[in-house]
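When a ligand or atom number is given, it counts from 1 through the structure's own listing order.
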Amino acid sequence: MSSLNFNTNWQYAEAPENQDHIELKEQYELFIGGEFVKPTGKKPVYFDTINPANNKKLASIAEASTADVDKAVKSARNAYDKYWSKMPAKDRGKYIYRIARMLQERAREFAVIESLDGGKAIRESKSVDIPLAAAHFFYYAGWADKLDYAYPNRKPKPLGVAGQIIPWNFPLLMAAWKIAPALATGNTIVIKPAETTSLTALKLAELIQEADLPPGVVNIITGAGATGAAIVNHPDVDKIAFTGSTSVGKIIQRAVAGTNKKVTLELGGKAANIIFEDATIDQAVEGIINGIYFNQGHVCCAGSRLFVQESVQEKVIRKLKDRMETLIVGDPLDKNTDIGAINSREQLDTIQNYIKIGKKEGADFYESSCPLPKKGNWCRPTLFTNTSQSHRIVQEEIFGPVLTVQSFRTLDEVIDKANNTYYGLSAGVWTDKGSKIFKLTSKLKAGVIWANTYNKFDPTSPFGGYKESGFGREGGLHGLSAYLKF
Ligand code: ADP
């Protein structure tokens with residue numbers, strides 16, 4: 001019998017997403033009052049937005065000063081008084097439907113720009129970010145003329161002008177989470193994307209202009225922390241909706257104390273993902289991989305703390321490592337890529353620093369052996385075993401592809417361990433037993449708990465945290481209340 005000599009040392013052929021249809025301007029202005037306007041002042045300031053996969057500049061972005069924020073808020077107030085608060089709710093709904101449909105039509109373009117500017121794998125921007133963003137507009141469009149049914153006999157009213165500040169991990173999706181419910185409830189908006197990922201928000205501004213939304217109903221301004229702070233501190237803003245770090249959330253909370261501004265904060269997380277011995281192990285491993293390595297771990301609800309029941313620990317870790325070895329890190333625009341580029345040099349430094357801390361703390365470090373591109377910001381999927389509750393890598397949010405593993409014996413033990421964190425945004429549980437799922441969901445202090453799945457989002461389902469993960473809910477019926485008074 002001849003021996004079979006297979007060559008297993010092969011790579012997938014490159015499968016780059018087409019970029020020919022993408023049109024980016026060299027310079028982007030501020031979207032205020034339905035127009036693109038230069039920042040005020042004699043010397044307007046612009047900053048670069050960079051492709052984190054090769055560190056090349058994509059475009060110049062305008063930086064909004066306090067005067068520009070003031071202009072945007074005035075424009076939102078004017079639009080609220082003149083058009084939006086007077087418009088019949090069903091017509092408001094039509095505008096939101098229009099945005100949803102246009103977004104769907106241009107999904108491919110938005111997905112490519114999201115991956116270019118933010119570094120996320122095109123597979124994800126195409127199948128998660130953009131369709132979900134459109135789904136949020138569709139969902140909230142439906143609520144616009146049904147608020148009296150959502151809140152019978154309570155006569156809900158809009159708040160006025162909403163100031164919204166969003167992060168860089170799901171740029172367009174976060175914009176949709178904020179804009180869609182605010183519009184459906186009759187508010188007008190000043191929104192600021194994160195400074196490293198402004199492009200899809202600015203593309204959305206172009207789309208909103210094409211959708212012929214009354215001028216000033218949505219104002220999209222760009223800039224960094226100072227611009228965000230100017231929105232928070234503006235006296236004529238009625239509501240602040242923020243998604244970002246816990247540290248900035250605390251600054252915002254202090255800034256609005258003693259004012260009439262309504263606030264919702266969606267902050268950091270350090271989610272527990274728990275595998276019991278009776279779980280379907282292969283399915284659970286796939287869920288753990290998705291929970292932490294999805295979007296480079298740039299997910300506030302990432303399942304970054306894995307708890308495995310002792311009897312299956314060895315098996316789970318072996319399977320995890322095998323699966324990690326198959327993940328492809330590289331060009332975000334390649335359809336084979338699982339893990340794209342880390343969003344910025346600063347974030348890569350933060351992740352690398354935590355990896356150093358973990359090693360120093362005495363945990364055992366493992367990373368996959370996949371090759372990395374030469375230019376750009378990259379991090380392989382990594383794993384720390386032999387960790388303990390007191391380790392900083394177990395306690396602090398890393399926001400990167402870094403998983404810590406601990407074992408447990410009993411249900412009560414894992415509840416204690418999982419709740420031993422400042423955060424409380426999300427958690428996951430993998431088991432064959434419904435009774436364990438119900439016991440855990442009632443005892444875990446987390447806003448969202450997934451059972452036998454992870455990182456599943458839907459516009460109908462509310463999302464938000466406990467403790468230092470913030471307060472208020474976005475999505476679903478709950479997401480409407482955040483923009484209404486009664
Ligand atoms: P991350 O650490 O994930 O970058 P940040 O909380 O720093 O998160 O940023 C989230 C958003 O908050 C970004 O749009 C950023 O520009 C904005 N931001 C940063 N500092 C402030 C601040 N002091 N006030 C308001 N917004 C801010």
*Relative to the heavy atoms of I166, which atoms of ligand 1 are at a distance of less than 4.0 Å?*
11 (C), 13 (C), 14 (O)

*Does F399 have a heavy atom less than 4.0 Å from any atom of ligand 1?*
no

_Is there a polar contact, in the sense of an N or O pair closer than 3.5 Å, between T243 and ligand 1?_
no

_Shortest protein contact, atom 18 (N) of ligand 1 (heavy atom only)_ = G225 CA, 3.8 Å

*Atom CZ of R380 with >12 non-hydrogen neighbours under 6.0 angstrom*: yes

_Suppose we measure from atom 17 (C) of ligand 1 to each protein heavy atom; which comes out shortest, and what is that distance?_
I165 CG2, 3.6 Å

*In terms of residue, atom name and distance, what is the protein heavy atom nearest to atom 27 (C) of ligand 1?*
V248 CG1, 3.6 Å

*Taking atom NZ of K56 as the centre, report whether more than 12 heavy atoms of other residues, nucleotides or ligands fall under 6.0 Å from it.*
no

*Give a yes or no on whether atom 9 (O) of ligand 1 lies under 4.0 Å from any heavy atom of the protein.*
no

*Check R77, K261, K485, K262 against D238 for a salt bridge (Lys or Arg N to Asp or Glu O under 4.0 Å) and give me the one that passes.*
R77

*Aromatic centroids of W177 and F463 separated by under 6.0 Å*: yes

_Suppose we measure from atom 4 (O) of ligand 1 to each protein heavy atom; which comes out shortest, and what is that distance?_
W168 NE1, 2.9 Å

*Separation between CG of D129 and NZ of K120, rounded to the nearest 0.5 Å*: 3.0 Å

*Check ligand 1 against K192 and write out every atom of the ligand that is under 4.0 Å from a heavy-atom position of the residue.*
13 (C), 14 (O), 15 (C), 16 (O)

*Any side-chain heavy atom of F457 within less than 4.5 Å of one from F170?*
no

*asked:* I need the single residue from I189, L173, T243, T264 that forms a side-chain contact (heavy atoms from CB on, under 4.5 Å) with K178. Which is it?
replied: T243

*Identify the closest protein heavy atom to atom 12 (O) of ligand 1: which residue and atom is it, and at what distance?*
F242 CE1, 3.2 Å

*List every atom of ligand 1 that sits less than 4.0 Å from any heavy atom of G228, numbering the atoms from 1 in the order shown and giving each element.*
24 (N), 25 (C), 26 (N)

_Nearest-contact summary for atom 15 (C) of ligand 1 - protein heavy atom, Å_ = E195 OE1, 3.6 Å

*ligand 1 atoms in contact with A224 (distance to a heavy atom under 4.0 Å)*: 16 (O)

*Any donor-acceptor pair under 3.5 Å linking the side chain of R123 with the backbone of T337?*
yes

_Taking a cutoff of less than 4.0 Å between a non-hydrogen atom of the residue and any ligand atom, is A226 in contact with ligand 1?_
no

*Give the ring-plane orientation class for W168 versus F399, where under 30° counts as parallel, over 60° as perpendicular and anything between as tilted.*
perpendicular

*Do S65 and D68 meet the criterion of a side-chain donor-acceptor pair at a distance under 3.5 Å?*
yes

*For atom 6 (O) of ligand 1, grab the closest protein heavy atom and report residue, atom and distance to one decimal in Å.*
S245 OG, 2.6 Å

*asked:* Below 4.0 Å, non-hydrogen atoms only: which portion of P193 touches ligand 1? Side chain, backbone, both or neither.
replied: backbone

